[in-house]
Amino acid sequence: MMKRMLLLILTLTLGTLFASRIEERAKQCDPPQAKRIEFSRKVNDITLDDPYHWMIDKDRNNPEALQYIRDENDYAECLTRDLEGDIENLFGEMRGRMRETDMAMPVRIDSFYYYSRTVAGEQYPKFCRKKETLLAPEEIYLDVNKMAKGHEFYEIGFIEYSPDHRYVAYSVDTTGFESYTLYVRNMETGEMLGDTIPYVNDCAWATDNKTLFYIRDLEEDRESPSVLYRHTLGADPSEDKLIYREEDCSFGLWVSLSKNQKWLVMGSSSNDTAVSWFIPADSPDAEFTLIRPREEGIEYYVEMSDSLLYIMTNLGDPDYRMVTASFDDPDDWHPLYVPEEGVTLNTFDHFRDFMAFQVQSNALEHLKILDLRTGDMKDIGFPQEAYTIWANWNPEYDTSRFRLTYSSPTMPSTLYEYDFEQDKLIFLKRYDIPEGFHADDYVTRRIFAPSPDSVMIPVTLLCRKENEGRNMPLYLYAYGSYGDNSEAYFSSNIYSLVDRGFTFAIAHIRGGSEWGEWWHEQGRVLTKKNTFSDFITCAEYLIEQGYTNPDRLVIEGASAGGLLMGVVANWRPDLFKLVIADVPAVNEVDIMLDPTIPGVLYHYSEWGDPNIPEQFAYMFSWDPYYNLKEQSYPHILALAGYEDTRVPYWEPARWVARLRETKSDDNVLLFKTEMSGHSGASGRYDYLREIAYTYAIILDLLDIPVVSR
């Protein structure tokens with residue numbers, strides 16, 4: 001406690017004595033100047049002028065584009081050269097909050113306990129199991145550290161066990177490009193089978209233990225998102241049976257084995273429409289049965305018991321409801337659970353005797369348990385002002401326990417099991433912080449910022465208790481797209497800022513689903529500007545209420561949240577000291593205009609269809625790249641991944657190049673590209689170093705020294 005207080009006092013006093021080393025270095029380092037090649041085109045009577053169009057490099061083999069990002073990386077290294085000690089100190093501090101050697105709670109499936117564990121000094125987990133009892137000898141069936149040797153990037157995608165527990169099918173990406181290869185290993189002998197199939201993103205076993213259904217991206221035809229194949233172990237993959245090809249490029253496929261292992265389910269979904277088919281899991285040659293024909297805007301997702309289909313759908317309720325159907329007439333639906341007004345059904349988990357629903361009201365999730373035998377419903381609430389819960393892996397069908405995790409900004413992830421028979425939560429494990437954290441030193445609050453159109457926008461706050469309500473440096477994060485909530489969960493890393501006086505804030509802006517589907521509807525396509533204005537409203541409110549001021553306000557968003565950063569930097573550059581745009585989708589106009597980019601049609605329902613003039617004009621009016629202007633901008637840190645398939649590196653690269661020639665200030669513009677993918681480094685220590693790099697820049701540009709512990 002005394003050590004942390006001393007750190008905070010030194011931080012706040014010394015911060016007035018030291019100037020930014022990055023700004024000093026900027027006087028000595030020359031930023032890259034990308035070449036201009038005039039290029040323009042007219043779309044729907046709007047002229048698009050793009051002098052950096054030449055950087056678009058879908059094959060990633062443009063040497064001039066690659067040289068430009070190398071030049072930018074060299075410039076970033078020049079600016080941050082004096083921060084190496086800070087980065088190491090922050091890395092060590094964050095590593096100290098990591099329980100480096102740890103084991104996940106085992107999950108029982110039939111006669112085996114499955115779990116993963118980590119070892120201090122190793123980047124990746126080991127996947128293990130024990131038979132019958134936790135006292136049995138350990139079997140390590142996947143040691144990712146050994147598998148990753150020789151690779152700078154190594155990521156496991158899915159892991160699926162054969163029903164007889166003899167084989168494990170898993171996928172691997174070695175580039176960050178999110179292009180996964182399927183492998184099969186005999187867990188009893190350790191032998192690798194010859195069944196290796198590229199471009200696979202999902203799979204499921206039939207109960208004959210030799211048939212795999214898998215979803216494959218067609219690399220040779222990337223305009224078709226995915227297809228379903230059937231494979232028999234030992235057979236030549238080139239002879240695999242094509243089961244279904246998704247012709248609509250706005251949809252993608254998935255496949256799964258039902259929890260009771262009696263049915264195989266195939267699903268196809270876009271951003272706002274979903275359908276499902278099924279076959280008996282012991283009859284892999286059977287024809288799939290469609291549950292209900294596809295209808296635009298209607299989604300449904302299915303699980304099965306021995307006698308009924310359990311279906312979650314938005315048909316008849318935009319915030320979803322549960323219905324049942326028989327296998328003989330799967331399109332005849334009967335209500336099972338209809339949420340109360342103001343309650344959104346987010347997810348469900350189905351077991352033999354009960355169902356667990358994660359529902360949301362007042363921008364917070366809670367749990368409902370339905371007794372399938374009696375029809376009784378029970379509510380399970382949680383005490384804090386801001387938190388999140390999520391279902392863990394619950395593979396067993398015939399069980400009375402449901403495993404879930406509870407987390408809040410001041411509560412490390414805590415694993416519980418809800419015992420259905422005893423009607424109580426049972427504590428299993430808390431992922432405690434080894435050093436440097438005491439929950440009682442901090443406070444989490446939920447406040448509401450009033451928007452100009454009278455909408456109350458939730459904002460989650462985390463700070464040290466002694467800093468509550470004070471004018472302090474503030475780090476504001478948001479996402480606000482695709483109906484994804486910005487969850488208020490525990491992150492041990494953010495305490496490296498909080499312990500130096502920062503308030504950490506999450507703006508739960510429109511475009512997510514914190515207030516149900518209408519919250520998403522009010523932040524997409526022709527209402528997308530609400531997302532951006534909500535964020536500005538939250539920033540203004542935090543300043544007005546005395547939490548911070550523009551000289552101490554840092555904002556950050558990633559991916560679609562990075563797009564948000566680009567827009568608000570254009571609209572209100574005076575509000576922010578530093579903008580962090582992480583893998584930012586800052587040029588949706590050009591991306592949406594190119595249907596050859598894999599999956600781009602999926603995003604039309606979020607950003608707009610460029611073939612519809614009204615939607616295209618609206619998108620163009622906020623697109624960060626085409627709305628850069630000659631004005632003063634805040635300090636900007638842009639981060640990209642060279643192998644990123646979701647936000648191609650040339651989006652932020654072109655944005656930075658155009659920003660360099662447009663902005664009228666001398667503030668720092670720093671652009672760094674990692675040779676990885678959308679989510680950054682795959683190894684846990686490498687990932688920590690990336691965060692330490694960002695935090696070191698934040699602290700330096702706000703003149704807050706990193707005081708070694």
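This one's a predicted model, so the numbers in the text were calculated from it and none came from an experiment.
- The side-chain tip of Arg689 points at the ring of Phe91 from less than 6.0 angstrom away and within 45° of straight on.
- Residues Tyr495 and Tyr442 place their aromatic rings such that the two centres sit under 6.0 Å apart.
- Ile697 has its side chain within reach of Leu83: a pair of non-hydrogen atoms, C-beta onward, lies under 4.5 Å apart.
- Side-chain contact between Arg658 and Tyr626 is present, with at least one heavy-atom pair separated by less than 4.5 Å.
- Cation-pi geometry between Lys529 and Tyr618 is satisfied (NZ or CZ under 6.0 Å from the ring centre, within 45° of the ring normal).
- Donor-acceptor pairing under 3.5 Å is lacking for the side chains of His520 and Tyr482.
- The side chain to side chain contact (heavy atoms under 4.5 Å, CB included) test with Val579 is passed by exactly one of Met565, Glu556, His635: Met565.
- Ring orientation note: the planes of Phe39 and His53 are close to parallel, at an angle under 30° on the 30°/60° scale.
- Cation-pi geometry between Lys35 and Trp54 is met: under 6.0 angstrom from the ring centre, within 45 degrees of the axis.
- Ring centers of Phe153 and Phe177: at least 6.0 Å apart, outside the cut-off.
- For the pair Leu701/Glu23, a side-chain contact is recorded, criterion being any heavy-atom separation below 4.5 Å from C-beta on.
- Using a 4.5 Å cut-off on side-chain heavy atoms (C-beta onward), His603 and Ile591 make no contact.
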Check against side chain to side chain donor-acceptor pair (under 3.5 Å), Ser171 and Asp173: CA-CA 7 Å; Ser171 63; Asp173 172 21; over 6 Å; no

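- Under the 30°/60° scheme for interplanar angles, the aromatic rings of Phe616 and Phe620 are found to lie parallel.
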Steps toward side chain to side chain donor-acceptor pair (under 3.5 Å) verdict (Arg654, Asn587): CA-CA 9 Å; Arg654 289 162 56 238; Asn587 183 210; 2.8 Å; yes

Worked check of side-chain contact (heavy atoms from CB on, under 4.5 Å) between Leu563 and Glu588: CA-CA 8 Å; Leu563 179 151; Glu588 288 298 340; 3.1 Å; yes

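- The main-chain N or O of Arg510 is never found under 3.5 Å from a side-chain atom of Gln522 such that the two would form a donor-acceptor pair.
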Test side-chain contact (heavy atoms from CB on, under 4.5 Å) applied to Arg464 and Asn467, step by step: CA-CA 5 Å; Arg464 293 188 64 89; Asn467 294 331; 3.8 Å; yes

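- The list of ring pair (Phe, Tyr, Trp, His ring centres under 6.0 Å) pairs with a residue in residues 649-702, not counting sequence neighbours, reads Tyr642-Tyr649.
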